Amino acid sequence: MPAKSIYRITFVNRDSIYEIYARHVGASGIPGFVQVGELLFGERSTVVVDPSEESLRNEFKGVKRTHIPMHAVVRIDEVEKQGMARISGAGQPGNVTPFPKPNPESSK
């Protein structure tokens, strides 16, 4: 039986960069959104190794499917193995640059 695909979804949410893993990614029934289902998190243990993964686990607790706005998605990769879900600050140095936001003051 072939192994199910695992996807790494990187997107911007509230000035933070989220990286989550899921088994299902597809077009949403809501125009302008990407549907992500069967979210994957590491095994729960008594020791919290990464607080951002625990925060994501709590944020998506009980969620079967989530719909992410297309403009917030940075990239979607099909990967061989699941990694650690994480949240990083957009202001922190890293390898992901969020798409620039329009300045509402400049349009006046």
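No experiment lies behind these values; they were computed from the predicted model shown.
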Quiz item: Would the number of heavy atoms belonging to other residues, nucleotides or ligands and lying under 6.0 Å from CD of E78 be above 12?
Solution: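 Atom CD in E78 is packed in, count exceeds 12.
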Quiz item: Mind checking what makes ring pair (Phe, Tyr, Trp, His ring centres under 6.0 Å) contact with F60, not counting sequence neighbours?
Solution: none
[X] with [Y], same ILVMFWY side-chain cluster at under 4.5 Å:
X: I6; Y: Y18; value: no
X: I87; Y: V36; value: yes
X: I9; Y: L40; value: no

Which pairs of donor and acceptor atoms, one on a side chain in residues 19-34, lie under 3.5 Å apart (sequence neighbours left out)?
residue: E19; atom: OE1; partner: R86; partner atom: NH2; Å: 3.4
residue: R23; atom: NH1; partner: K4; partner atom: O; Å: 3.3
residue: S28; atom: OG; partner: I30; partner atom: N; Å: 3.0
residue: S28; atom: OG; partner: H67; partner atom: ND1; Å: 2.7

Taking the side chain as every heavy atom from C-beta outward, state whether [X] and [Y] have any atom pair closer than 4.5 Å.
X: E54; Y: F41; result: no
X: I17; Y: T10; result: yes
X: N13; Y: E59; result: yes

